[in-house]
Amino acid sequence: MSYGILSKLKLAWTELDNDQKEQLGPYLTFTDYREIWAMGIFLLGATALLPLLIVTIIHYQLIQTSVNSEFILRTERLTSNTRRVVTFFLDERLDALRFTVNEIPYNDLTASDRLSEILSNLKLGFGGLTDLSVIDHKGTQLAYAGPFKLKGKDYSRQPWFIANQKKDSYVSPIFKGYRNVPHIIIAVKSVRSDGTWFILRATLEIKKLMQTLSSYKTGRYADLFLIDRSGVLQTPSEFYGDIYQKLPLETPKYSSRTQAVMTTDAQERHIIMGYAFISAKTTDTPFVLIVVKQKDGMMGVWRRMQANIKWFVGFCILTVIIVITIACTNIVNRLYHADKAKAETMALMEQSCQLAAIGQLSAGVAHEINNPLALISQTAGYIKDLFVIKEQYRNDEELIENIDSIMEAVDRCGRITSQLLGFSRKFDIKTQNVNLKETIFDVLVFHQKEAQYRNLNLSVDVPEDIPDIETDQGKLQQILMNLVNNAFQAIDDGCSLDIHATREGSDFVNIVISDNGCGMPEENLDKIFEPFFTTKARGEGTGLGLPITYGLVKKLNGSISVKSKENEGTTFIVTLPVRIQKEKDGNENSIGG
Amino acid sequence: MKHSDLLIIDDETRYADMLARRLELRGCRCEVCYNGGDGIRIIENEMFLLVVLDLQLPDIYGTEVLARIKKIRPDIPVIILTGHGSEKDRQQCMKQGAYAFIHKPLNIEKLLAILNEIREKSA
């Protein structure tokens with residue numbers, strides 16, 4: 001499986017070596033497969049992943065928003081509930097004082113004994129009361145019940161007294177008073193029938209209030225406390241300092257409703273701060289209830305969910321990228337193979353077009369040159385005849401030598417033109433059943449004498465199972481003749497030439513012609529089928545023998561290949577179809593015109 | 001009836017003359033004509049051991065001349081000597097009974113060898 005994936009990921013276009021690049025480059029439709037591949041992966045990846053990422057981000061933000069608003073709501077609810085309790089705490093005590101001044105006659109209230117009795121009743125009812133006192137409209141304490149000796153004390157300059165003059169009831173901030181103990185003063189004003197008024201004042205311990213507050217505290221990360229309107233802590237806070245300290249958070253602006261906001265504290269912690277301005281039924285109070293919840297502490301579930309989303313999205317992205325990379329590689333590989341096949345065909349076509357053009361050109365040249373050439377040859381021959389016959393010049397070797405060299409040169413030209421004509425020659429393919437063994441022997445007959453003379457070892461092996469092949473005998477003879485001629489030129493006296501046939505599947509036959517002659521250097525192997533390529537001495541070879549052979553093999557729908565090692569020998573392998581395909585006969589003019 | 005060894009039918013006059021002279025130097029009796037029509041007329045009246053016939057003639061194409069010669073004298077050997085002959089021409093001429101099909105330039109010794117061969121056969 002993993003091997004399968006790896007093999008699919010093989011980038012086929014990187015296998016092209018430089019020679020092939022040079023050869024096929026001009027015919028490839030696309031040049032930069034790497035770019036196509038990378039671009040494909042990028043575009044497909046972007047198309048697939050962008051919607052996923054966008055949806056994920058939107059979803060993520062939606063969830064975050066809803067989680068935040070849920071936190072705010074919860075904080076608001078807690079604040080609101082706590083506010084109700086604090087308000088009730090104060091109202092209850094103010095109501096008790098109001099009840100006392102309305103129900104108990106003034107004379108009883110100013111009597112210290114009676115006042116002490118009332119104090120102990122109230123203590124029983126509510127607890128947390130320290131003392132109780134009655135102050136007349138001038139600020140003089142008329143009666144006092146409690147642990148201190150404060151009777152007759154003048155409160156006329158005290159701020160709470162001044163504030164209470166104008167209102168029916170009063171709640172003080174946390175107050176140290178004369179005793180340096182934190183307490184709250186609550187007071188109610190009562191008007192007598194003579195128009196004067198007095199105040200019933202009680203001192204409350206804040207311990208009771210703190211207990212009430214802390215009973216509403218939920219969880220480790222919540223903090224409930226009171227501040228006054230200038231931001232000074234009225235009850236101790238777990239995270240933001242002790243009583244009387246300034247709260248290190250922004251003091252909220254007045255609002256009649258319970259509020260909750262998200263903010264950060266001085267330690268950069270994300271918090272949700274709920275607040276409510278406390279007011280009793282009959283009076284405002286200086287207190288602001290603050291509920292602080294640390295967001296981190298509430299986020300546990302959300303964090304797990306975030307992690308899940310991240311894992312899931314990461315997995316999706318990875319999967320998509322892997323799938324797209326494999327698919328893209330596969331597609332681009334196929335594209336490349338198709339393009340390469342096309343380029344190879346085009347290169348081959350151009351080669352045969354070149355051959356055709358050379359064929360046409362050479363036919364023209366051969367035709368035009370042949371007649372004057374014949375004339376030169378004849379004339380030179382005649383001049384030679386004349387001189388040889390006349391006594392005077394018969395023994396002039398220099399003259400004869402010069403004329404001979406003219407004739408030799410003409411002969412050479414003649415060979416070239418006749419081969420050019422052969423190269424360009426149109427021919428019909430006449431198919432017949434050909435016995436390979438007989439054909440080979442027919443060709444070798446011409447070479448028998450030379451082989452004997454040069455002491456060459458010829459061997460032919462055509463096994464019985466090689467069928468007669470349907471092909472053009474003349475062309476096949478010419479192919480074999482050319483190759484055998486070639487071999488004879490390549491081998492030294494006493495060497496050997498071996499011709500044997502093998503079957504190549506059911507449809508093809510290989511004819512293998514190998515010699516142990518001089519061989520060819522590897523760099524020449526690519527060029528030997530190109531017209532006019534020759535390694536023979538100047539004037540000895542035309543460079544057309546093998547191209548013609550190549551053309552003939554192609555005509556017979558076959559293929560020819562060559563293997564050679566310098567100084568070890570050369571092997572030509574001609575592969576021919578057992579049955580020549582008729583429909584290919586149409587391109588018979590592809591070589592020559 | 002006049003009797004020569006060789007009749008050369010070739011429109012390239014200089015070439016034909018030169019060939020004739022060279023053959024004469026070698027002891028052959030030659031006649032030369034420069035078109036197909038003349039050639040056929042000469043054949044009608046004279047006997048030859050061998051006819052050397054070009055294909056590109058100004059009046060009648062060589063293969064046609066060959067056909068007519070064969071009609072008049074079926075036994076006379078005709079060598080086609082051409083500068084332009086195609087494979088198709090070669091096949092046709094051989095089918096029509098040409099003795100040989102040779103491309104120019106010609107090796108005179110080869111021609112003499114053929115002539116001797118014919119002489120030997122007819123002797």
Side-chain angles (χ1 to χ4, degrees), chain A residues 359 362-390 394 403-404 406-430 472 474-475 478 548 552 555 588-589 591-593, chain B residues 6 8-30 32 34-35 52-58 61-63 79-95 100-115:
Chain A
S362 53
V365 171
H367 279 149
E368 292 315 310
I369 284 177
N370 223 24
N371 277 329
L373 213 52
L375 190 58
I376 294 168
S377 159
Q378 208 61 270
T379 314
Y382 180 58
I383 292 168
K384 189 183 170 188
D385 290 349
L386 290 180
F387 283 128
V388 170
I389 288 155
K390 285 200 176 172
R394 185 175 293 166
I403 292 175
D404 279 345
I406 292 175
M407 292 173 75
E408 197 188 309
V410 172
D411 273 355
R412 222 160 69 200
C413 292
R415 279 204 299 281
I416 293 172
T417 52
S418 85
Q419 272 190 318
L420 283 176
L421 282 170
F423 188 68
S424 67
R425 197 171 293 150
K426 293 181 191 178
F427 42 79
D428 299 325
I429 290 181
K430 288 199 179 127
D472 184 308
K475 309 296 165 259
Q478 203 175 339
I548 290 170
L552 288 170
K555 280 269 183 241
E588 66 188 42
N589 291 343
I591 291 184
Chain B
L6 255 145
I8 298 166
I9 310 171
D10 196 326
D11 66 326
E12 190 111 24
T13 54
R14 266 193 80 81
Y15 183 83
D17 292 345
M18 210 67 84
L19 180 59
R21 279 189 221 170
R22 293 188 69 194
L23 287 167
E24 275 161 10
L25 281 172
R26 285 161 176 78
C28 299
R29 278 166 296 158
C30 295
V32 178
Y34 307 124
N35 59 57
V52 175
L53 174 63
D54 189 12
L55 287 180
Q56 311 279 342
L57 296 173
Y61 194 69
T63 51
I79 290 178
I80 308 294
L81 178 63
T82 177
H84 293 217
S86 66
E87 176 70 11
K88 207 170 145 193
D89 288 331
R90 191 186 73 84
Q91 283 175 1
Q92 197 186 334
C93 292
M94 298 311 281
K95 210 159 124 191
F101 191 95
I102 300 172
H103 279 283
K104 290 178 184 175
L106 169 76
N107 182 343
I108 197 153
E109 303 304 330
K110 199 171 169 184
L111 184 61
L112 285 171
I114 292 172
L115 191 60

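As a basis for the values below, the full set of heavy atoms in this structure was taken, side chains included, without hydrogen atoms, waters or symmetry mates. A note on names: the letters A, B, ... follow the listed sequences, proteins ahead of strands, and every chain is numbered from 1. Remember, predicted model here, so these are calculated numbers, not experimental data.
- Between the CG atom in B/Asn107 and the OG atom in A/Ser377 there is a gap of 8.0 Å [rounded to 0.5 Å].
- Heavy atoms of other residues, nucleotides or ligands lying less than 6.0 angstrom from CZ of B/Arg14 number 12 at most.
- Using a 4.5 Å heavy-atom cutoff, the side chains of B/Lys104 and A/Leu373 are not in contact.
- Taking CG of B/Leu23 as the start and CG of A/Asp385 as the end, the distance is 9.0 Å to the nearest 0.5 Å.
- Using a 4.5 Å cut-off on side-chain heavy atoms (C-beta onward), A/Tyr382 and B/Leu25 make contact.
- For B/Glu24, the CD atom counts as densely surrounded, since its 6.0 Å shell holds more than 12 non-hydrogen atoms of other residues, nucleotides or ligands.
- Annotation: salt bridge (Lys or Arg N to Asp or Glu O under 4.0 Å) contacts of B/Arg21 (sequence neighbours excluded): none.
- Taking A/Asp404 as the reference, A/Lys384 meet the salt bridge (Lys or Arg N to Asp or Glu O under 4.0 Å) condition, with sequence neighbours excluded.
- Here the straight-line distance linking atom CE of B/Met18 with atom CG of A/Leu375 works out to 6.0 Å at 0.5 Å rounding.
- When B/Arg26, B/Gln91, B/Gln56 are compared by the number of non-hydrogen pairs under 4.5 Å with chain A, B/Arg26 comes out ahead.
- Interatomic distance, CG of B/Asp11 versus CG of A/Asn371, reported as 8.0 Å (0.5 Å rounding).
- With contacts defined as side-chain heavy-atom distances shorter than 4.5 Å, the pair B/Pro105/A/Ile376 does not qualify.
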